[in-house]
Amino acid sequence: MMTNRKAAVLVAGSWGTALAAVLADNGFDVALWSRNEAQVDEINTHRSNSRYLKEAVLPAGIAATTDMKQAVTGAELVLFVAPSAAMRDVAKQAAPFLDAAAIVVHATKGFESGTYKRMTTVLAEELSLPSDRLVVLSGPSHAEEVVRKLPTTVVVASTSKDAAERAQDAFITNYFRVYTNTDVVGVEVAGAIKNIIALGAGLSDGLGFGDNAKAALLTRGLAEISRLGNAMGANPLTFAGLAGVGDLVVTCTSKHSRNWRAGAMLAEGLSLEDVLGRMGMVVEGVRTTSTARELAQQYGVEMPITEQLYQVLFQQLGPRSAVETLMGRGRTHETEETAGI
């Protein structure tokens with residue numbers, strides 16, 4: 001087992017905390033950074049992060065801190081798990097302390113609002129790093145299960161084989177299996193867009209539409225993910241793998257999915273503002289819906305599910321009306337590149 005190796009994890013949400021636990025189980029001394037002093041005190045004193053992972057007991061190898069310099073300095077692996085809206089700011093804070101040989105990994109599933117940039121692009125800009133120093137971790141992996149050491153399989157993608165394998169070695173355990181991939185674009189696009197489809201799955205379930213409707217939603221949702229990803233230069237095979245269909249299934253069917261829960265609450269008639277207030281955590285699919293709609297227009301691809309969810313989220317369209325619009329679209333061929341639902 002590895003010993004006396006340092007990793008930094010930024011920030012201490014549910015996924016960041018769960019991945020910090022994986023690294024600690026793998027022999028790393030983990031500095032877990034948070035802006036919240038009360039959260040840091042709880043982690044260090046009680047070995048818990050109750051707001052994000054109820055009842056989870058964290059390994060002794062995790063030490064939380066509010067000091068970015070203390071967290072990042074000397075770390076051979078720096079893992080960014082900040083929400084997409086905060087990624088640039090967190091990276092900017094970390095940049096002065098990043099070790100020249102450190103590998104940088106992110107596990108955030110979203111795009112930057114306004115610029116529509118993927119997270120590896122944001123990190124490359126703020127950390128002044130070439131692409132072969134960056135890795136993305138994604139796949140079907142709820143934090144609530146990972147922290148309980150339930151069997152989980154993910155993928156790490158980088159343009160550098162060496163960087164991907166270093167990340168693989170850092171994270172792989174007897175309960176957390178890690179595959180490598182070179183398709184950074186595909187892995188990031190799949191991880192972001194599946195959150196939109198999960199919102200739709202929550203809406204569908206909340207409206208009582210049944211298993212047939214959800215199966216169609218996932219299948220046609222995967223078509224939208226693939227369509228946009230292909231236009232952006234991804235490898236189509238990625239969408240049949242862990243980052244694609246694997247993550248899509250788990251996010252659209254699990255009680256742990258924030259996006260599914262948000263969709264289900266919208267189906268109950270709650271406003272978006274009320275839903276986000278009740279969630280108390282970032283729901284990446286909401287912001288991603290607006291970004292993906294812009295990307296679809298930019299790349300000239302059809303994303304009818306995304307469009308209708310945008311109308312529900314931001315234009316006050318009723319969920320049932322959105323489904324009726326989708327079901328009433330013109331006839332088309334299933335495997336045509338521009339086919340809708």
Side-chain angles (χ1 to χ4, degrees), residues 11-19 49-56 81-86 107-111 138-148 150 152 190-218 220-222 224-225 245-292 305-306 308-314 316-320 322-323 326:
V11 299
S14 56
W15 193 211
T17 302
L19 289 174
N49 190 356
S50 57
R51 177 182 176 186
Y52 294 98
L53 292 171
K54 295 179 181 178
E55 302 178 3
V81 205
S84 59
T108 297
K109 299 172 181 179
F111 300 101
S138 193
S141 48
H142 285 306
E144 295 85 351
E145 296 185 1
V146 171
V147 80
R148 292 168 54 201
L150 298 181
T152 301
I193 304 300
K194 59 88 185 178
N195 286 328
I196 302 173
I197 309 307
L199 282 169
L203 276 172
S204 179
D205 286 343
L207 293 169
F209 284 161
D211 295 337
N212 294 347
K214 182 185 275 190
L217 182 68
L218 267 67
R220 300 312 305 161
L222 185 61
E224 290 198 13
I225 294 170
V245 68
D247 206 6
L248 180 67
V249 168
V250 78
T251 311
C252 291
T253 61
S254 174
K255 62 184 179 182
H256 298 308
S257 169
R258 298 180 196 175
N259 293 281
W260 182 92
R261 297 202 309 270
M265 283 192 277
L266 287 168
E268 294 173 4
L270 295 175
S271 69
L272 178 59
E273 182 180 4
D274 287 341
V275 168
L276 296 179
R278 291 193 185 190
M279 293 292 294
M281 292 183 281
V282 173
V283 182
E284 285 282 4
V286 172
R287 186 178 293 108
T288 303
T289 299
S290 181
T291 299
I305 297 173
T306 299
Q308 291 307 306
L309 282 169
Y310 176 86
Q311 297 298 325
V312 170
L313 292 171
F314 303 113
Q316 289 74 54
L317 179 67
R320 288 186 180 275
V323 174
L326 287 170

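Keep in mind that the numbers below use all heavy atoms, side chains included, and drop hydrogens, waters and symmetry copies. Quantities reported herein were computed from a predicted structural model and do not represent experimental measurements.
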Any side-chain heavy-atom pair of [X] and [Y] under 4.5 Å:
{"X": "Thr253", "Y": "Lys214", "value": "yes"}
{"X": "Val323", "Y": "Ser204", "value": "no"}
{"X": "Val147", "Y": "Thr17", "value": "no"}
{"X": "Leu313", "Y": "Leu199", "value": "yes"}
{"X": "Tyr310", "Y": "Leu317", "value": "no"}
{"X": "Ser138", "Y": "Asp247", "value": "yes"}

Give me the atom names and distance for the closest heavy-atom approach of [X] to [Y].
{"X": "Ala262", "Y": "Val283", "answer": "CB-CG1, 3.9 Å"}
{"X": "Ala192", "Y": "Phe111", "answer": "CB-CE1, 3.5 Å"}
{"X": "Ala201", "Y": "Cys252", "answer": "CB-O, 3.6 Å"}
{"X": "Pro83", "Y": "Val11", "answer": "CD-CG2, 4.4 Å"}
{"X": "Val282", "Y": "Arg287", "answer": "CG1-NH1, 4.4 Å"}
{"X": "Ala107", "Y": "Val81", "answer": "O-CG1, 4.0 Å"}

Roughly how far apart are [X] [atom1] and [Y] [atom2], rounded to 0.5 Å?
{"X": "Ile193", "Y": "Ile305", "atom1": "CD1", "atom2": "CD1", "result": "11.5 Å"}
{"X": "Ile225", "Y": "Lys194", "atom1": "CD1", "atom2": "NZ", "result": "9.0 Å"}
{"X": "Lys255", "Y": "His142", "atom1": "NZ", "atom2": "NE2", "result": "10.5 Å"}
{"X": "Ser141", "Y": "Leu150", "atom1": "OG", "atom2": "CG", "result": "12.5 Å"}
{"X": "Asp211", "Y": "Leu217", "atom1": "CG", "atom2": "CG", "result": "12.5 Å"}
{"X": "Asp274", "Y": "Met279", "atom1": "CG", "atom2": "CE", "result": "13.5 Å"}

With side-chain contact (heavy atoms from CB on, under 4.5 Å) as the criterion, how do Leu203 and Leu309 come out once you've worked through the C-alpha distance, each side chain's angles and the decisive distance to 0.1 Å? CA-CA 9 Å; Leu203 276 172; Leu309 282 169; 3.4 Å; yes
Just by distance, with hydrogens left out, do Ser84 and Glu284 show a side-chain donor and acceptor under 3.5 Å apart?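 Ser84 vs Glu284: donor-acceptor pair found between side chains.
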Any luck finding a side-chain donor-acceptor pair between Thr288 and Asn195 under 3.5 Å? no
So, does Glu224 use its side chain to make a donor-acceptor pair with the main chain of Thr306 at under 3.5 Å?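 Yes, the answer is positive, given that a donor and an acceptor are paired below the 3.5 Å cut-off.
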Counting only N and O atoms by type, is there a donor-acceptor contact under 3.5 Å from the side chain of Lys109 to the main-chain atoms of Gly139?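 A pair under 3.5 Å: yes.
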Quickly, which of Asn259, Leu272, Val275 forms a side chain to side chain contact (heavy atoms under 4.5 Å, CB included) with Val286? Name it, please. Leu272
When His256, Arg258, Arg51 are each screened for side-chain hydrogen bond (donor to acceptor under 3.5 Å, both in side chains) with Ser14, the one that passes is Arg258
